[in-house]
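Notes to accompany the following structure.
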Amino acid sequence: MKKIKYIIIPCLMVFFTSCEDEFIDLDPPASITDQVYYTEADHFLTGSNQFYTDLMTWRYDQGIYADHGSDLVGYTEDSDMQIYSRGDTRAPESDGYYSAPYSTIRDINLLLQRAEAYEGEESIVPYVAASKFHRAYQYFNLVQRFGGVPLVTRPLDVGDEELNAPRSSRYQVVAQILADLDDAIAGLPTEQEIASEDKGKISKWAAMAFKADVLLHEATWMKYVGTSTDGDGTSTGAGSEGFNASNIDVYLQEVVTLTKTVMDQGGFELWDYNDELDNLSSNFLFNLEDGGSNPAGLDKATNKEFIFYNKYDFTFRQAGDLLSHVYEGRVKPSRKMMDLFLSSDGLPIDQSPLFQGYENTPDEFQNRDYRMRAYFTYHKTLGEIPQNGDVLLNGTNNFGYFNSKFMSWKWGTDEAYRATKTEAYDMPFIRLAEVYLMYAEALYELNGSLTDAQMDESINLVKARAGLPPLTNSFLATNNMDIETEIRRERTIELYAEGATRFNDLKRWGIAEEELGETIYGAVIEGTVYENNPDLYTPGGYGFGEGVTETGVGERRALIVQPSATRNFTRDNYLFPIPTSQTSLNENLNQNPGY
């Protein structure tokens, strides 16, 4: 008998349909088989609901801890992701990021198979559509991590030949992902059609936004990486089968169409309460719970920015290990991240007369993009910016900065609003700001430029919330700036610490080995309050000492977090290794190059 893992499913989220006594008339559990389950519409509803629990952390984890280990983070440890970013990964015996998706995919395939035989009168179209979305989601995560993988679209049993099948190419898997998303888009309700108690479920707009994400990733991967990572097909695998360079522009054009549809028809809005929150919208959006989570008394009902997200609730589903134990410590920003933020005149800090330098701790926060203060200062009271000595450089993995994105505080105290691991703010996978940036990037990749009007309907909306002036082609030309750099700057800043975004962006742009190979620096020492000040700075606490790097005021000595000599990321590291337990079981399952 086949293993069924979802006969009885707990009510994990308040927005899912009540479980009540749905199974009260079912046969005893021991007698429930594939043949008697999935015969009623409610079975498909409950079965498809299960897959939401498997969304969880792919964007916030993959062993990547929200950009942890990337060039943007000034924190170091021997975690899997830090090892990966240094190019030191070895093929593991097992990998949950390989096995868990296939477990979910099997459950999805079973539901879809049973849906083909369903003869009930009540429609199951939205449940089938949601399941197609979830299958696409799981396969895209596998593609991003491993490249081509075995493509399975039906539930397998012991002895099925597909268990020993070679890997499909990434292009074959992506074709299936896109087909599933087309079916999902056709069958899912719009956001406006989803009942209030079901908010957080996948909508038509979420499927469109996710398809745009897949298309943009794969178009730029084909453009900048090409087939250089397709070595899994050297013998029995499919390798580059299905690669077609003409799809690049086709995919990019569809990104433009999909994102424009979501922008125009989705009813979403940027969450901008800067007037009420002292220009800190980009902090409070990411710890938004009830009215007590911010000084303006705003709750989740005010958030119309999240399109595809993971729903949490303080009573029914707290976030557990996902949040503050990672975000407070492990995503402290690097020197590179801090210097990426523009001055309030829209210019890079090395070009702007408004930049105040680094001498005192608060100086570099002055006249900058609002997000810099929102992400990297604690907001126990509005208007607070770190004062001299608040950041003590004592060598305890402290390189000058701390993170407050996804962190919350009880106003006027040193206490957290929620105890660690009980936080319950929603976690976005795709939000409207990213849709604007996908639209802008796709247009640039297609045409090499954007018109001023296209900037105004996309990237400039994101910049406006950050307190920055709009881009125009004249402004860019006058200041020797280019739109590609500014689009990539906006993605880097706006989506900071929102999952594996930085790693995936660097790889799909084909620049990961360059960016991840650089020395990572922390606080500037030369010419600051730290220099020759034992009360604020303990040089002996830092194993790599100081090094000279380019800053907003020219070359200066700064703390070294990790030297370039220890960072050896290569093109082979663009993909993770297939776990050896899988290659041992299936002799046709080729390993990725370099492992």
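In this chain, numbering begins with 1 at the start of the sequence shown.
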Side-chain heavy atoms of [X] within contact of [Y], under 4.5 Å:
X      : Y      : answer
Glu445 : Asp249 : no
Glu93  : Pro579 : no
Leu277 : Pro295 : yes
Arg106 : Tyr102 : no
Tyr312 : Glu289 : no
Arg167 : Ile578 : yes
Phe268 : Ile307 : yes
Tyr436 : Leu270 : yes

Under-4.0 Å salt bridge between [X] and [Y]:
X      : Y      : value
Lys223 : Glu218 : no
Asp67  : Arg502 : no
Arg431 : Glu494 : yes
Asp290 : Arg418 : yes
Lys304 : Glu191 : no
Lys260 : Asp264 : yes
Glu116 : Arg154 : no
Glu305 : Arg465 : yes

So how far is it from [X] [atom1] to [Y] [atom2], rounded to the nearest 0.5 Å?
X      : Y      : atom1 : atom2 : result
Asp183 : Ser131 : CG    : OG    : 11.5 Å
Asp299 : Asn294 : CG    : CG    : 8.5 Å
Phe503 : Lys507 : CZ    : NZ    : 8.0 Å
Lys211 : Glu254 : NZ    : CD    : 3.5 Å
Lys132 : Ile177 : NZ    : CD1   : 13.5 Å
Ile430 : Leu495 : CD1   : CG    : 10.0 Å

Angle class for the Tyr309/Phe306 ring planes (parallel below 30°, perpendicular above 60°, tilted otherwise)?
tilted
Would you call the rings of Phe286 and Phe406 parallel, tilted or perpendicular if under 30° counts as parallel and over 60° as perpendicular?
tilted
Side-chain donor or acceptor of [X] paired with backbone N/O of [Y] under 3.5 Å:
X      : Y      : result
Thr501 : Ala497 : no
Lys204 : Ile185 : yes
Ser203 : Ala206 : yes
Gln265 : Val262 : no
Thr302 : Leu298 : no
Tyr52  : Lys311 : no
Ser240 : Phe243 : no
Ser404 : Tyr375 : yes
Asp505 : Thr492 : no
Asp160 : Asp157 : yes

When Arg135 is tested against each of Asn109, Asp107, Thr104 for side-chain hydrogen bond (donor to acceptor under 3.5 Å, both in side chains), which residue passes?
Asn109
Ring centres under 6.0 Å, that's the criterion: do [X] and [Y] meet it?
X      : Y      : result
Tyr137 : Phe308 : yes
His43  : Tyr127 : no
Phe146 : Tyr98  : yes
Tyr273 : Phe284 : no
Phe44  : Tyr118 : yes
Tyr84  : Phe576 : yes

What are the two closest heavy atoms between Ala212 and Met438, and how far apart are they?
C-SD, 4.0 Å
May I ask you to check whether [X] and [Y] show a side-chain donor-acceptor distance below 3.5 Å?
X      : Y      : result
Ser281 : Asn274 : yes
Arg317 : Asn310 : yes
Gln176 : Asp180 : yes

Could you please spell out the steps behind the salt bridge (Lys or Arg N to Asp or Glu O under 4.0 Å) verdict for Arg170 and Asp230?
CA-CA 8 Å; Arg170 72 178 299 124; Asp230 293 347; 5.4 Å; no
Would Glu490 and Arg371 satisfy salt bridge (Lys or Arg N to Asp or Glu O under 4.0 Å), going step by step from the backbone distance to the final call?
CA-CA 11 Å; Glu490 280 300 313; Arg371 291 169 294 192; 3.0 Å; yes
